[in-house]
Amino acid sequence: MPFARHNVTTLVPRTPAEVTDAVRWALSAGEPLEVAGTGSKRALGRPVVASHRLNLSALSGIVSYEPEELVLTARAGTGMQEIEALLAQRNQCLAFEPPDLGPLLGASGIPNAGERERGRDAGSAAAAGGTFGGVISTGYSGPRRFKAGAVRDHVLGIAAVSGRGEAFVGGGKVVKNVTGYDLPKLLTGAFGTLAVLTEISVKVLPAPEDTRTVLVDGLSPREAVQLMTRVLQSPLDVTGASHVPVGVRAPGKSLDASITALRLEGFRPSVEFRLTQLRTLVASSGPVVVLEREESKVFWQAVRDVQPFVPLEEGDRASVWRISAPPAQGAAVLERIQESIPETRAFFDWGGGLIWLRVPNDTGVEPKAIAARIREALVASGGHATLVRAPESVRAVVDVFQPPAAGVAELSRRVKLQFDPSCVLNPGRLYVGV
Amino acid sequence: MLMPEPDPQILARRKELAERLRQAVPDGVIEDEASRRVYEQDALTAYRQLPMIVVLPSSTEEVAAVLRICSSMGVKVVPRGAGTSLSGGALPLADGVLLGLARLNRILDIDYDNRTVTCQPGVTNLAISRAVDARGFYYAPDPSSQIACTIGGNVAENSGGVHCLKYGLTTNNVLGVQLVTIDGEVLHIGGRHLDAEGYDLLGILTGSEGLLGVVTEVTVRILPKPETARALLIGFASNEAAGDTVAAIIGAGIIPAGMEMMDKPAIHAAEAFVHVGYPLDVEALLIVELDGPGAEVDHLCEAVTRIARERGAVSCRMSNSEAERLSFWAGRKAAFPAVGRISPDYLCMDGTIPRKALPAVLARLRELESEFGLRVANVFHAGDGNLHPLILFDSNAPGELERAEAFGAAILRLCVQVGGVLTGEHGVGIEKRDLMPEQFTETDLAHQQRLKCAFDPAGLLNPGKVFPVLHRCAELGRMHVHRGQLAFPDIPRF
């Protein structure tokens, strides 16, 4: 079928075989594809230069769910709402707490009007968490990550179509498996640059029966990270450790207050027992408030979805960075960043190991220089910084993802070319040429 | 088991190679046959092969120098930790260098604030836990060989253990590595932070069985030790009742720290060996370990006991002291040597199945016993469906090894047929290499091998393992594009 050169065409495969065929067509036509589900995370990454779009939202549905095996298999285009609702019915969950970045990333993710018109069914999924394939391909985990593991730790098996136009599977559908290379991990967080996921099997876990959060008032970031470190060194099994400083909004907190939040989850008697111990442990650090079950959920959902930095008004052009650092060095990393860019605001998750950083548009510093200063602050400790939210024009010129050292960059390029030698899948989404 | 044909041109250059290696590692090149013999096999004892040369570097720089020499001369390299692989992952090659990493045995850094340990690959698994024990920490993955096996080998094999249902395999506990490529280039992947950037190279290196690179430093996560741990020893009159109980425990939202099952032959062998008071009148025995804060452990012990009773448990004991808890485990942990006492030899299989298939699989195993004329004892990581049938045989009886191997292959095919996989934690190695097509198509395997091509295009690192046929990278690189013939006319387009 002939396509007009400047007219983006969207292919909407309904079966894995149609995905294979779409990729083969792209190969034969020499036309790269932008791979997307509902487009809720489209604005995350470098802008893809592709003449056509592969929309996987019609490739949806739960393939199997066996609560007692702790395994769920679904097609890539399945909406996260559907998956989470199904798991909730059996008191299970995705332990890695996938964030819904839709509100943070904003309307830039919504594809063209024609697609919006077509995708009434898919439209609702875009509004809430996007698709299963999108969550796996971006690989972002929520507050429980340091305790329960990341997305990649829960992906058991995949079916996919590589950039060679070949369908293949990797991993399995059981919770323990070391047969062959762990391709499911490789494709998790690969942003669709190696293969198009068609089906994914994940390990699911029991949802916590109860949850409570201890809030400690009035700490500086440095004091907060010290306290979180002390708590995480204890056997109290905390599953969330976040610090929201003065000047950053969060549920149940005024702008001029700072809170350090520590979450307990599990069976009720265990949560109650540990709550007493945790209160004792933090008693000398500051005034304490305990959030009950529902308040606690609201708070952690806000942390998970980066709500403090969701733009409040149209035309907010602030950038948002996501920084992973050794947790105990989190405060020191932020101090270094704020020395060179004082206008930034931040909050911590993962006990200090995850920093969400907001950089206003009016710092007077070029985007490339901002990226350099942020990454410079990480040199001493190790870690990486990703530009999660920024206008497309900025993402086109700044390294959105931390550039790897030369040897690792070369290896990554070779991996890309093995799976997608003609670069037809999401070209340039991760790095230039990858 | 067919290994790659030794290359006479390489064998002819052995002297020259030894000389060059000695320049790189002056005190660590072994040429004489008696000393090389130490390295001729790993824990898959049915196979042995004398390596051409053994080299024992003691620094990353020496490892890099060895690999540069080998790759420039086109010599194959087999990395080895402590040699405890149960799948033949460290089986040497007649025309290959055996690269022993045991001398790289230092713990480099303990960082309690970030809860990490960085060490060299030759440090044993248990030594990591011991090093941080006094401060109340431990390293979670605990393969039964943990006293001997090295962390480098654990990374290569993605080792598990009895606690991995709750705490994960090696791959879930490694944060960073220093890696030397076959060209001798030193790369750093990950660090002390969570989630290494870019493609998950750490994820594919872990469990790559020494085919992608040589790990010279590892950073692992350590965890605070749980406040309490208690074990339950529960006997059942049938495997079905035990299997139902396992499913019901998980269905109730409980993830025990360990959940092990033994069948009658395994119970009897273990009890005869360690005398810990296992019930002998039951068909199946579950050991369920619960750990965490005292209040949680009490609550869960009660819940598990109730679930087991409702499903017809005929006996149930709860450990009342640390000594008693360890005695419950003693029989399970000694199951392999215990079976070794009642049979001259045994093969340990390692498939994983969906747990619901357990009764059917055990029943089919009984049928296979009579078909092959060999007995099997079963120990089972029941929580995660990882089955370890131990096939008893006598290698001195003509044909029994072959029969035992055929029996093992039948068991693994059965695992795949019921929706499981060939190996849950021991690795493919040479043992399950030729069974890979049971689980994967040629296209699946080609995509795995292309990773090998990205790391080691000449195929010099540990060839002959994992893949039944190691295709040449040039062959795998070809792409068939049929211009204009492929468009599906009816994919919706907008």
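Protein chains get the first letters and strands the later ones, always in sequence-line order, with residue 1 at the start of each.
- For a residue to count as touching a neighbouring chain, one of its non-hydrogen atoms must lie under 4.5 Å from one of that chain's; by this rule A:Glu272 does not touch chain B.
- In this structure, B:His299 and A:Phe267 have tilted ring planes: the angle between them lies in the 30° to 60° band.
- Aromatic ring centres of A:Phe401 and B:Tyr199 lie farther apart than the 6.0 Å criterion allows.
- With contacts defined as side-chain heavy-atom distances shorter than 4.5 Å, the pair B:Arg355/A:Leu70 qualifies.
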Stepwise salt bridge (charged side-chain N to carboxylate O under 4.0 Å, His left out) test for B:Glu425 and A:Lys176: CA-CA 7 Å; B:Glu425 59 181 357; A:Lys176 194 172 175 193; 2.9 Å; yes
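- Heavy-atom distances place no part of A:Ala405 under 4.5 Å from chain B, backbone and side chain included.
- Between B:Asp195 and A:Arg145 the shortest side-chain heavy-atom distance falls below 4.5 Å.
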Step-by-step side-chain contact (heavy atoms from CB on, under 4.5 Å) determination, A:Lys185 to B:Thr206: CA-CA 10 Å; A:Lys185 284 201 174 59; B:Thr206 311; over 6 Å; no
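- Counting heavy-atom pairs closer than 4.5 Å to chain B, the top residue among A:Ala148, A:Pro206, A:Ala150, A:Gly149 is A:Pro206.
- Partner B:Lys356 forms a salt bridge (Lys or Arg N to Asp or Glu O under 4.0 Å) with one of A:Glu68, A:Glu66, A:Glu69 and no other, that one being A:Glu66.
- Of the listed residues A:Ala26, A:Pro67, A:Pro235, A:Ser141, the one with more heavy-atom pairs under 4.5 angstrom with chain B than any other is A:Pro235.
- Heavy atoms closer than 4.5 Å to chain B are found in both the backbone and the side chain of A:Pro327.
- Top candidate by heavy-atom pairs under 4.5 Å with chain B, chosen from A:Gln329, A:Arg274, A:Arg14, A:Gln402, is A:Arg14.
- Here the rule is side-chain contact (heavy atoms from CB on, under 4.5 Å) with A:Thr179, and of B:Val466, B:Leu435, B:Thr423, B:Leu412 only B:Thr423 fits it.
- Counting heavy atoms from C-beta outward, B:Leu451 and A:Phe419 have side chains that approach closer than 4.5 Å.
- Note: A:Gln233 leads A:Arg230, A:Glu166, A:Gln233, A:Arg268 in heavy-atom pairs under 4.5 Å with chain B.
- When each of B:Lys166, B:Glu185, B:His426, B:Glu197 is scored by its heavy-atom pairs under 4.5 Å with chain A, the top score falls to B:Glu197.
- Shown here is A:Arg414, whose CZ atom has more than 12 heavy atoms of other residues, nucleotides or ligands within 6.0 Å.
- Proximity to chain B (any heavy atom under 4.5 Å) is shown, for A:Leu354, by neither the backbone nor the side chain.
- Chain A forms the most heavy-atom pairs under 4.5 Å with one residue out of B:Thr181, B:Asp384, B:Ile250, and that residue is B:Asp384.
- Counting only heavy atoms from C-beta outward, the side chains of B:Asp200 and A:Asp182 never approach each other to under 4.5 Å.
- Below 30°, between 30° and 60°, or above 60°: for B:Phe467 and A:Tyr181 the angle between ring planes is above 60°, a perpendicular geometry.
- Residues B:Glu209 and A:Val178 are not in side-chain contact: their nearest non-hydrogen atoms beyond the backbone lie 4.5 Å or more apart.
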